[in-house]
Structure formats: C-alpha cells, structure tokens
Amino acid sequence: MSEEATDFIRQRIRQDLDQGAVEGGVVTRFPPEPNGYLHIGHAKSICLNFGVAREFGGYTYLRFDDTNPAKESDEYVESIKRDVAWLGYDWGSHLTHASDYFDQLYNFAVELIERGKAFVCSLSGEEIRASRGTLTEPGTDSPYRSRSIEENLDLFARMKAGEFADGEHVLRAKIDMASANVNLRDPVIYRIRHVEHQRTGDRWVVYPMYDFTHCICDALEGITHSLCTLEFQDHRPLYDWVLDNININFHPPQIEFSRLALEHTVMSKRLLNQMVDDAVVSGWDDPRMPTIAGLRRRGVPAAAIRDFCKRIGITKQDGLVEMALLDFCIRQVLEKSAPRGMSVLDPLPVTLTNYPDDGETLEAAWHPQNAELGNRALSFSRQLYIEREDFSEEPPKGFKRLSPGGLVRLRYGFIIQCDEVIKDADGAIVELRCRYFPESKSGSDTSGLKPKGVIHWVDAASAQPVTLRLYQQLFTDPVPDLDDLASALNPDSVVEFSGFVEAAVASSEMQHFQFERLGYYARDSELADTFNRTVTLRDSYKPG
RNA sequence: UGGGGUGUCGCCAAGCGGUAAGGCACUGGGUUUUGAUCCCAGCAUGCGCAGGUUCGAAUCCUGCCACCCCAGCCA
C-alpha cells in the first residue's frame, strides 16, 4: 500500500528535479474559490498537490482564489480549512489569498497598459460577446482597442477610484481577436464590482479575473508546478502570455489532469449548491453529499478518501469511477479499525421460554482480530430482539437463519430453537417463542449442536433505542440527468429505522462501529442517539 | 465547418519498440460463532478502426472514427 505513485505528473516532476530545472524544493498549491464546500473531487486535487510536495520534500500553499466577492464567503473559507486539515494535510504558514496580492496585481495591470498590452474597453458585456466571434469565425477588434496609453492609464485609475458603475468599463488584454483560441481574443482581465469583499471590504471596486490572477499568484509564490484540471488546457496560452508580458522573474508550468467523476453523484459546486438551496438535502454536510463534510458525517474516514484518491490515479483520461471502489476503500479502513457491536434495525421480540428470570452477562471482543480493543459486556436475558429479516416461516433453500423448528446461534450467546410463532389478528408475526440450549454457551459449547447460521440480537431490557439512518446513492442513475435533478434523485437515498443498539455501544465514546452483519455505522455528529450507516458489509448471499 | 484534449478487460490504471502490471468488480474453492474478514484460483492471443515502417508495434508513421472541453465583465 505504500508503493510510490508514478503518474505522469510525478514523472514530470522527477525529471525536472533530475535536470536541475527546479531550484529549491517542489512548491505546489491548492487554490479553491471559497464559494462552496469542498467535495471528493477536490480531495483528488488536495491529495495530489499536498502528496507531491510531501513526496518530493517541498510544501504546499492553501490559497483562496477570492477574486469574485459576489459568490464568496467566510463560511466557505472556514469549511475549506477544516476539510483540508481533516483530510490530513497541513499548509503550515503557507495560507494565502489572491486578495493578498490585489495591490501587486493592480500594478502588473498598469504595467501591461504601459506596454501597450492592455486597454480599457467601454463596450457593454453584450457588445463584447457579439464581437468575440464564434468558435469558427474570428472576432472583431473593439473600437476602444486603439486608445492611447495615457487615456488607458487615466481610465483604469478612475475605474479603481470608483468613478464608474459596474459594467461601464473593463480592462482587456490586447492579444488577438482572430485567435483560434477564443481565450486569447482580448480577454477581460479586470471588471468593476461595487461589492463588499469578505477580506478587503470596500477597499476595491475593480477585481482581477481568474486568468490574470492565477498565473501571477503562482509566480509570486514560486509555485514550481501549477496543477489544475483539464478544462483549463485552453487557458494555458493565456497563463503563459500574462507572465511573458509583465516584468516577473518566475514562470511556473501549468500541468493539467482529469477531474474526478463518480457514479451516482454530481461533482459540481453549482449543482451541490442548488441541492442545498432547494433543501433536497439537509445541507452541505448531509451524509449523502459527495462533500468532504458529508462524507465525514456519514462516517467515512479520511484515510479511506486518501486511499481512494491514490487508487484512482492521475491521468488525462475522462473517467467515471464506480462507487464500488470508494466503498471498498471505506470498508478496508473500517474493517481493521472499527469495534464490533450489535444493533437490530427492525426488531422482532423473542422470548426464551426455558431461560431463567434472572439474566446473565456475557463477554464479547470489540474486534475479532484486534485484541487491543479489548472486550465489552453483553447482557443476555429471557427477552431479546432479533432482526425481523433473520426469521422466515417458509425459508428459501440455502437460508441460514431462524425458521420454525430450526436452530440458530445467537452471536456470542446461545443456540436457540424456534418452537412457536405468535401472530396478531392480522397474521403479522409479533413474537417468537424459542428454547435455548444451556450447554451451548459461546466459548464453552458442549451441546454438539450444529446450527446453520449465526444471527445478531440485543437484550430487550438493556438495549438503547436509537435512530438508524441507512444511506444509498443520491442519484438513481450512474450518470444523473443534470437537466432534471429533482427527478434524478434516488427516492430511497435515506431510509430511517427505529431500532436498538446494545448497551455497551450506547455507553461507549467510540464513533465508528461495525454492527455485525449489517454494516459500518457512525454516530451522527449533530443528532443524539442517531447512527448513520457509512457503508454496508460486502454481501455474497444470493437468495434463490 | 475552428481550437485544445483523450481512446489498453465491466470500472480505474501500468506500459515509453522486445512480445499486455496491478487494484476494484465479477466467478469458483478453502477457513470462519459476522452469508463479513482472511486465503487460494480464474478473469484482454489483444491495446478505438484501417493501413504502413520494423526481425519485432499498445508503443513509431499515415488516414479515419468516437468521446470530452472552449464563444462569463465565473473559477
């Protein structure tokens, strides 16, 4: 599990290092815009950037790309810091914001104007779009393209001074309106926004655009490898153009990799935001969400997310990863670490007719393979609950649980036999009357009985009533229809049960458990007496 | 009909001219007081397609085809 990753980016970095192309160590950055919560797609980028720096002995900046105050907030900033840290990464003193560089950015823009490489354009947004041309036809020059440097300098200074309303003017790079790459058709690099910024307040009314900002921040921070997703490939010429046309002594290479796509969910902040706003989920941390906060609340360990990111690899292929891989990674971590416990989701009362009135206390290991977790006490008595699903009046062939006249072992307890099925007036089973075999006690069984199976149970008197929430895919289809999210939602993405957990689990401080035969569960971080199912156990039982 | 990318098993992914790694999933079998875990075995005569170069091609060349991204004063 510790083989070194050898994706194309790491190969490239290795090569740069070998050729002495990188002075000092490797420096990367994770640059989220604080306009939403981080999701597992961001985790891929976080693991890459922080992972690479760690492997090659460098460091990573956590840089907030906060150039669009209209969409950003401090809540998002805080959630992002929390999530990156929870994932296990430390940016140390390298916490920055694009807004930290607003003054320098402004000066570089002035420099571009002085070099005749940028101009103030007074066309409306509509007009700029119309003159940009199409994918197959070149655009046409703005009538303001030939403004004098002096006029541009004056106008830009007045833009900054707040003399104009939003949209009245923009600053554009003067590149090539006929370029086959539309990003190079005199892109807007500054716009006027009379909007309060969460960090700089009302100090600025002109804000730099991503394409102008990102490359400069990368250069100022000495980022040796600027890693981003594929959709920015067409922006790379612009990234390079900006750095080539200002007086700056560092020029990071931009390297793109494919973003993560996961089956049965969506990975766009816009859509996730919409689901939160529409209240189809309880919030950004709803356990069904692909957000880091949602996964955490569902009980997914950070180590599982890191392992997942490592297993999917880094390439330029547009893949669609199956949820089964994430589930595998989660189970693998929890299998080793989660203490075992018993819970009954859908209780069916069982009375042990030949068991004495006084109960007894049994002992069970918290983990079958990890003795370090120790043991817990398990109370056993005449009145128990078993899982309704574990009893069948007419068992299908291959059924290994309880049926009339049949034997089954109660895990860690005794072997029982079902003598009588009690039903109510509607014919619904309300109780099972069983006998137990005193000499079949777990660990000291001399009964010679060989039941077909083992089932879980809880003691009726001491078990704690709890709410159990079982989660499934948020969307029914592997690739949900993004145009109709509402009807693409899986109606059974969360199913709630009122069940029980054994007393030792209820009184424990531990957060994650494997409820035997049911799955891995985690205590909900907000709601008392509530457990979220993190993932089911693997199940090779094929009925029929 | 412009530009930029990508095509290796159901999914992810190694491979970088010397004769197809690995993981997930799946299928068998063994162990098991979780139908779990664990263990063992199986799972691409073929790398989008068609040609070509070569003693030898998934790897090089040519031509097709398919899919993804781009026309925000978003990032």
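None of these values were measured; they are calculated from a predicted model. Naming: A, B, ... by sequence-line order, numbering from 1 per chain.
- Across all strands, A:D234 comes closer than 4.0 Å to base atoms (heavy-atom distances).
- A salt bridge is defined here as a Lys NZ or Arg NE, NH1 or NH2 lying under 4.0 Å from an Asp or Glu carboxylate O, and A:D100 with A:R63 fails to meet this definition.
- Base engagement by A:Y412 is indicated by at least one non-hydrogen atom pair under 4.0 Å involving a base atom.
- Base orientation of B:rG72: syn, since the glycosidic angle falls within 90° of 0.
- The pairing partner recorded for B:rA21 is none, the criterion being a Watson-Crick or G-U wobble arrangement whose two distances lie under 3.5 angstrom.
- Backbone-only contact: A:R129 has heavy atoms under 4.0 Å from sugar-phosphate atoms and none from a base.
- Looking at heavy-atom distances under 4.0 Å, A:E137 makes no contact with the nucleic acid at all.
- Within the structure, ring-ring contact (aromatic ring centres under 6.0 Å, His included) pairs that include any residue of residues 313-340 of chain A do not occur (at least two apart or interchain).
- At a threshold of 4.0 angstrom between heavy atoms, the contacts of A:F232 include nucleobase atoms, whether or not backbone atoms are also involved.
- In this structure, the side chain of A:S131 engages the main chain of A:I128 through a donor-acceptor pair within 3.5 Å.
- Between A:D445 and A:K441, no side-chain nitrogen of the basic residue sits less than 4.0 Å from a carboxylate oxygen of the acidic one, so the salt-bridge criterion is not met.
- Here A:R132 lies in heavy-atom contact (under 4.0 Å) with sugar-phosphate atoms only.
- At the heavy-atom level, A:G443 lies under 4.0 Å from base atoms of the strands shown.
- For A:D481, the side-chain contact (heavy atoms from CB on, under 4.5 Å) partners at least two apart in sequence or on another chain are A:D483, A:D484.
- For the P atoms, the distance from B:rC11 to B:rC16 is 24 Å, rounded to whole Å.
- Counting 5' to 3', RNA chain B first comes under 4.0 angstrom of a heavy atom of chain A and last does so at the ends given by B:rU1 to B:rA75.
- B:rA44 and B:rA20 have their P atoms separated by 12 Å, given to the nearest Å.
- As judged by a 4.0 angstrom heavy-atom cut-off over every strand, A:T67 is placed among residues touching the sugar-phosphate backbone only.
- For the C1' atoms, the distance from B:rG17 to B:rU59 is 6 Å, rounded to whole Å.
- Base pairing of B:rG42 is made with B:rC26, judged by Watson-Crick or G-U wobble geometry with both donor-acceptor distances under 3.5 Å.
- Nucleotides B:rA57 and B:rG46 have their C1' atoms positioned 12 Å apart, rounded to a whole Å.
- Shown here are the ring pair (Phe, Tyr, Trp, His ring centres under 6.0 Å) partners of A:F500, two or more places apart in sequence or in another chain: A:Y385.
- Heavy atoms of A:R538 sit under 4.0 angstrom from primed sugar atoms or phosphate atoms, though from no base atom.
- With P as the reference atom, B:rG10 and B:rC47 are 13 Å apart, rounded to whole Å.
- The side-chain contact (heavy atoms from CB on, under 4.5 Å) check on A:D234 picks up A:N181, A:N183, with sequence neighbours excluded.
- Comparing the same atom, C1', in B:rA58 and in B:rG48 gives a spacing of 12 Å after rounding to whole Å.
- Classification of A:E335 and A:R340 as a salt-bridged pair holds, one side-chain N sitting under 4.0 Å from a carboxylate O.
- Separation of the P atoms belonging to B:rC38 and B:rG23 is 13 Å when rounded to the nearest angstrom.
- When heavy atoms are screened at a 4.0 angstrom cut-off, A:G319 is found touching the sugar-phosphate backbone but no base atom.
- The residue among A:L135 and A:E231 whose nearest nucleotide of RNA chain B is located toward the 5' end is A:L135.
- A:G398 comes within contact range of at least one nucleobase, with a heavy-atom separation under 4.0 Å.
- Both A:F328 and A:E335 sit near RNA chain B, but only A:F328 has its closest nucleotide nearer the 5' end.
- Across B:rC74 and B:rA13, the matching P atoms stand 33 Å from one another, rounded to whole Å.
- In this structure, A:S179 reaches neither bases nor backbone, as no heavy-atom distance under 4.0 Å exists between it and the strands shown.
- The salt bridge (charged side-chain N to carboxylate O under 4.0 Å, His left out) pairs that include a residue from residues 175-187 of chain A are A:R145-A:D186, where partners are two or more places apart or lie in different chains.
- Nucleic acid contact class of A:P368 (heavy atoms, under 4.0 Å, all strands): base.
- Base contact: A:K400 has a heavy atom under 4.0 Å from a base atom.
- Here B:rC64 sits opposite B:rG48 as a Watson-Crick or G-U wobble pair (both hydrogen-bonding atom distances under 3.5 Å).
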